[in-house]
There are 2 protein chains.
Amino acid sequence: MFEPSYDRYSRPLPGAFGRERKILSVRSPQRLKLNFNSQTMKDILKDLQDIAGTRARASYSERLCYATDASQVEGLPDYVVRPGSTQEVSRILRLCHEMEVFVTARGAGTGLSGGASPVRGGVVLDMSGMNRILEMDLPNLQVIVEPGVVHEELNRRLSSHGFFFPPDPGSSAMCTIGGMISNNASGMRSVKYGTTRQYVLDLTVVLADGRIINTGSRVLKSSAGYDLTRLFVGAEGTLGVITRAGLRVVPVPRSRKLVLAAFPDAETAGRAVQEVFSAGITPSACEILDHITLQVLKRCDPGLKLPDRGDVILFEVDGTESSTLESARQIAGVCRPRATRIDIAGSKDEMDHLWAARRLVGAAISRLDPNKSRIYVGEDVGVPIREIPELLRKVQGIVNKLGLPAMKYGHIGDGNLHVALFIDPCDPEDRQKALQAADSIHRAALELGGTVSSEHGIGLARAQYMKDQVGESLTVMRAVKKALDEKGILNPGKLGL
Amino acid sequence: MFEPSYDRYSRPLPGAFGRERKILSVRSPQRLKLNFNSQTMKDILKDLQDIAGTRARASYSERLCYATDASQVEGLPDYVVRPGSTQEVSRILRLCHEMEVFVTARGAGTGLSGGASPVRGGVVLDMSGMNRILEMDLPNLQVIVEPGVVHEELNRRLSSHGFFFPPDPGSSAMCTIGGMISNNASGMRSVKYGTTRQYVLDLTVVLADGRIINTGSRVLKSSAGYDLTRLFVGAEGTLGVITRAGLRVVPVPRSRKLVLAAFPDAETAGRAVQEVFSAGITPSACEILDHITLQVLKRCDPGLKLPDRGDVILFEVDGTESSTLESARQIAGVCRPRATRIDIAGSKDEMDHLWAARRLVGAAISRLDPNKSRIYVGEDVGVPIREIPELLRKVQGIVNKLGLPAMKYGHIGDGNLHVALFIDPCDPEDRQKALQAADSIHRAALELGGTVSSEHGIGLARAQYMKDQVGESLTVMRAVKKALDEKGILNPGKLGL
């Protein structure tokens with residue numbers, strides 16, 4: 001298996017691509033590294049252009065654009081194709097299957113684990129051009145979309161009809177539905193609404209050999225054989241390429257309220273979250289911003305109505321006007337004994353302001369020091385919610401010991417903590433520390449019965465932890481992969497398979 | 001593939017079992033029918049008794065008890081074993097795998113599709129004795145149970161803590177959690193709460209060769225590889241035997257209200273349902289009782305506050321006191337233009353009375369004629385909710401043409417219609433008509449883009465429609481089955497695989 005390369009910052013990008021072409025052997029379980037000769041390379045390009053015209057390219061500059069996603073994982077593709085239809089994808093896969101060329105599908109490239117990085121070369125399928133909303137089938141409570149539709153655009157269209165698609169990743173303004181499905185994305189509202197998984201009713205999928213299947217229908221509920229829909233959700237493109245999706249949508253709640261509760265420390269905050277759940281309240285969002293995050297946000301926007309110290313939980317509730325008021329007051333009541341400050345945000349403006357700040361968090365950290373950057377490693381662990389205070393304590397211990405500044409924020413209602421490590425990416429020692437911290441954070445989550453990824457996916461960045469996390473299940477995953485993609489051409493090197 | 005036998009009523013049961021033993025060939029994809037000699041049969045019993053002691057049996061009377069579930073599908077097992085632990089199940093499966101003996105796991109046998117009927121003989125694993133609630137892990141919003149726990153018992157235990165497990169099948173008083181998971185059971189409240197699928201956090205599964213895996217953890221949210229949990233949910237025991245489950249539970253809502261709306265006919269009722277959803281209301285239950293169902297219920301309990309004619313929809317809403325009142329009034333407002341009568345049930349007693357009547361429906365039909373019985377064929381179709389009025393019209397046409405009495409009721413908010421056909425099971429002509437009606441009902445649902453099973457499962461009773469419903473996906477399901485159970489020993493003959 002390939003190890004991820006975190007050396008992207010230390011040398012000019014092109015240098016990272018001086019690799020031989022890696023093509024797969026069919027019959028051997030061993031993956032071989034072969035070189036096609038340049039004539040074969042040209043023949044493949046011609047075949048791809050026969051299918052997709054000028055949307056099939058092999059110029060160095062274009063390939064470079066598709067070498068990585070938003071993570072530190074990279075690999076130069078040999079070809080880039082921007083397919084326009086399911087049929088084109090099918091023809092491309094049939095070709096690649098026959099010629100044994102790797103294929104990595106990609107949406108907007110906002111992923112944080114290298115899931116869309118073509119680490120072994122081959123073809124990148126850029127699905128972002130298949131971005132039509134095919135049907136607003138609202139009488140059946142669903143929409144039919146192509147995978148390249150951007151999340152925010154979908155919700156903008158839906159909102160005028162009084163509906164929304166609940167999964168809500170931080171990258172909403174850019175990320176595509178296909179990427180969300182492939183990573184089982186979620187975000188702030190999954191504490192009440194669940195993850196992408198539970199909103200997918202049907203997928204059109206092109207299999208490794210070019211066959212096209214539909215995994216579901218427009219029925220809201222069915223018990224008819226294996227749940228292939230959810231097998232492809234979260235599979236990170238390793239089992240097939242999604243070219244069309246039927247998504248369940250739900251009515252926009254008529255009212256929302258936000259409770260801001262500040263606590264003396266993160267552990268106390270974690271305990272308050274547990275108490276809110278135990279009181280039978282299900283908030284529609286439940287986010288932690290630790291004291292460092294607060295400082296960073298205040299530096300970005302001094303006008304933000306956030307406390308100057310302590311650790312904050314933002315609880316959102318939604319529903320009818322009366323029920324949200326009732327629930328917000330109940331949350332305030334549960335938090336009061338431990339909290340240093342409690343506010344209930346009344347106006348939409350006030351709420352929008354706080355949420356906009358929350359969304360800025362990932363980028364805002366650069367305000368601490370313009371020479372440092374956030375690095376996305378160890379950033380997506382999750383634990384059973386009872387273990388949240390312990391996870392917070394351990395993470396603080398890890399970063400303190402290494403002397404790394406770190407913000408802790410995230411979807412604490414799901415047990416999902418985003419740790420933002422902050423380093424000088426040109427400093428080898430800093431980079432080493434970040435990797436060490438990430439490793440310790442992953443292992444801490446696993447020790448607490450947790451997961452190395454709650455919502456960002458495994459890709460290559462977290463592949464090395466799969467065996468420790470899922471144990472013998474990994475052999476079952478490998479068997480499923482082999483059953484659907486015998487030659488292993490789809491998104492190789494990912495998920496620890 | 002075996003065809004279901006609907007001849008159970010016409011001849012004495014033992015006659016149905018004069019079959020040769022059918023054992024599977026390992027290497028050939030063809031399934032062979034071999035006879036073990038009586039010494040081998042005895043040796044296998046001895047081996048099973050070495051594992052499970054006197055809980056492994058082979059007497060004719062005991063085998064007869066396990067020949068069928070609540071459907072018309074039957075098959076006599078050769079052995080019955082009541083395992084007591086995951087380890088025992090593992091040892092049994094290792095033995096059966098080696099000896100190529102079929103294994104069919106079974107919960108309470110309340111299934112309506114033959115999913116638990118050992119149609120090719122072999123071992124029945126009666127899991128109902130593994131019925132401990134292992135842990136009420138409510139701080140993590142979950143419970144850990146063995147598969148034999150009865151649904152109602154689980155919810156009785158949970159209710160004292162203010163929680164519940166939302167899937168809600170009609171057989172709640174008998175059915176087991178293992179059976180619910182294997183069929184992706186749901187029931188009245190899935191319109192708001194979803195099906196069993198979305199409440200399973202972790203499964204311990206014994207694979208065909210005896211290996212034991214865990215598919216998840218206590219984390220509420222994870223994106224770490226293929227979703228094996230949901231691969232086993234709804235697999236009807238064809239991929240592994242579930243021996244332990246971690247289930248997400250949710251707080252009991254503080255208030256419920258029931259709106260009873262009567263309409264001149266079922267199609268108009270179906271239209272009203274659509275309008276309620278389009279208005280952005282998500283009821284916690286949405287049930288139709290057609291005019292024949294009303295007559296039957298009134299005969300059972302003349303005191304029931306149900307109208308004498310028309311077709312009724314029961315809308316339930318849950319939440320806080322104020323929000324339920326608000327939503328109930330809104331539903332009444334949406335229905336008013338089409339309804340002939342609208343009541344909002346105020347008291348808990350009144351609601352309980354109506355729901356108890358609703359639960360009686362399946363059995364109550366016998367009041368129409370004591371010589372006739374309900375037959376469970378074609379009873380679980382579902383369509384996209386926009387097609388509900390058309391499905392109701394088609395089903396009425398089908399039963400009218402055949403002159404069969406039929407009640408139509410079910411979870412109309414999911415598009416799921418239960419058609420209760422009512423025949424003299426000793427009359428071959430009646431039986432023939434019922435099968436004909438069922439076939440037409442299944443085909444009508446498929447023509448409308450629907451499913452032959454919304455919640456009861458495929459088993460053997462609906463296996464013949466799988467190809468028409470899922471198309472090319474069936475080959476993918478077969479590949480997955482082969483990857484996990486190469487010898488095909490687990491619950492053979494089911495799902496059309």
Side-chain angles (χ1 to χ4, degrees), chain A residues 139-141 162 183-184 186 190 194-195 198 211 213 215 217-228 230-231 233-235 251 274 277 280 282 319-320 322-323 326 382-386 414-416 449-455 457-458 466 469-470 472-473 476-477 479-480 483-484 495, chain B residues 139-141 162 183-184 186 190 194-195 198 211 213 215 217-228 230-231 233-235 251 274 277 280 282 319-320 322-323 326 382-386 414-416 449-455 457-458 466 469-470 472-473 476-477 479-480 483-484 495:
Chain A
N140 284 323
L141 304 176
N183 286 286
N184 186 32
S186 45
S190 59
T195 65
Q198 78 188 58
R211 277 180 301 154
I213 61 167
T215 63
S217 69
R218 297 200 190 200
V219 186
L220 299 181
K221 188 173 101 177
S222 183
S223 280
Y226 303 151
D227 187 353
L228 297 185
R230 262 142 291 272
L231 187 58
V233 175
Q274 258 189 58
F277 282 105
T282 303
T320 62
S322 55
S323 73
E326 203 174 327
V383 291
I385 54 179
R386 178 154 58 176
D414 297 316
N416 180 196
T451 177
V452 295
S453 178
S454 297
E455 56 180 20
I458 295 296
M466 278 294 279
Q469 179 166 333
V470 309
E472 183 68 19
S473 282
V476 178
M477 292 184 196
V480 169
L484 269 75
L495 294 178
Chain B
N140 284 323
L141 304 175
N183 285 287
N184 186 29
S186 45
S190 60
T195 65
Q198 78 189 59
R211 276 181 302 155
I213 62 167
T215 63
S217 69
R218 297 199 190 198
V219 186
L220 299 181
K221 189 171 101 175
S222 183
S223 282
Y226 302 151
D227 187 353
L228 297 185
R230 263 143 290 274
L231 187 59
V233 174
Q274 257 189 61
F277 281 105
T282 303
T320 63
S322 56
S323 71
E326 202 175 326
V383 291
I385 55 179
R386 177 154 59 174
D414 298 316
N416 179 197
T451 178
V452 295
S453 178
S454 297
E455 56 180 21
I458 295 296
M466 278 293 279
Q469 181 167 334
V470 308
E472 183 69 18
S473 282
V476 178
M477 292 185 196
V480 170
L484 271 75
L495 294 178

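Note that the coordinates shown come from a computational prediction; the quantities given were computed from them, not determined experimentally. In the text below, chain A, chain B and the rest are named by the order of the sequence lines, each starting its count at 1.
A/V219 places none of its side-chain heavy atoms less than 4.5 Å from the side chain of B/V383. Using a 4.5 Å cut-off on side-chain heavy atoms (C-beta onward), B/I213 and A/V476 make contact. Using a 4.5 Å heavy-atom cutoff, the side chains of B/Y226 and A/L495 are in contact.
Contact annotation for A/S190: only side-chain heavy atoms (C-beta onward) come within less than 4.5 Å of a heavy atom of chain B. When heavy atoms are compared at a cutoff of 4.5 Å, B/R230 approaches chain A by way of both its backbone and its side chain. Neither the backbone nor the side chain of A/V452 comes within less than 4.5 Å of any heavy atom of chain B. Only the side chain of A/L228 comes within less than 4.5 Å of a heavy atom in chain B; its backbone stays farther off. Using a 4.5 Å cut-off between heavy atoms, B/N184 touches chain A through backbone and side chain atoms alike. Contacts of A/T282 with chain B are made by side-chain atoms alone, with heavy-atom separations under 4.5 Å and no backbone atom involved. Only the side chain of A/N416 has a heavy atom closer than 4.5 Å to any heavy atom of chain B. Contacts of A/M466 with chain B are made by side-chain atoms alone, with heavy-atom separations under 4.5 Å and no backbone atom involved. With a 4.5 Å cut-off on non-hydrogen atoms, A/R211 touches chain B through its side chain but not through its backbone.
Contacts with chain A were tallied for B/S186, B/A235, B/P384; B/P384 has the most, counting heavy-atom pairs under 4.5 Å. With chain A as partner, the option from B/T215, B/L220, B/D414 having the largest number of non-hydrogen pairs under 4.5 angstrom is B/D414. In terms of heavy-atom pairs under 4.5 angstrom with chain A, the leader among B/V233, B/V470, B/L231, B/D227 is B/D227. Among the candidates A/G280, A/G194, A/G162, the residue making the largest number of heavy-atom pairs closer than 4.5 Å to chain B is A/G280. Ranked by heavy-atom pairs under 4.5 Å with chain B, the first of A/P251, A/A479, A/S222, A/G450 is A/S222. Options A/R218, A/E472, A/M477, A/Q198 differ in how many heavy-atom pairs under 4.5 Å they form with chain B, and the most are formed by A/M477. Per-residue heavy-atom pair counts under 4.5 Å with chain A were compared for B/A483, B/S323, B/S217, B/S454, and the maximum is reached by B/S454.
Checking A/K221 against B/T195 by side-chain atom types alone, no donor-acceptor pair falls below 3.5 Å.
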**Request:** Decide yes or no on side chain to side chain contact (heavy atoms under 4.5 Å, CB included) for A/V480 and B/L484, but give the supporting numbers first.
**Result:** CA-CA 8 Å; A/V480 169; B/L484 271 75; 3.9 Å; yes

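B/E326 meets the side chain to side chain contact (heavy atoms under 4.5 Å, CB included) test with A/R254, A/T320, A/S322; sequence neighbours excluded.
Here CG of A/L141 is found 9.0 Å from CD of B/Q274. Values are rounded to the nearest 0.5 Å.
In terms of heavy atoms, A/P139 sits closest to B/I385 at O-CG1, 3.4 Å.
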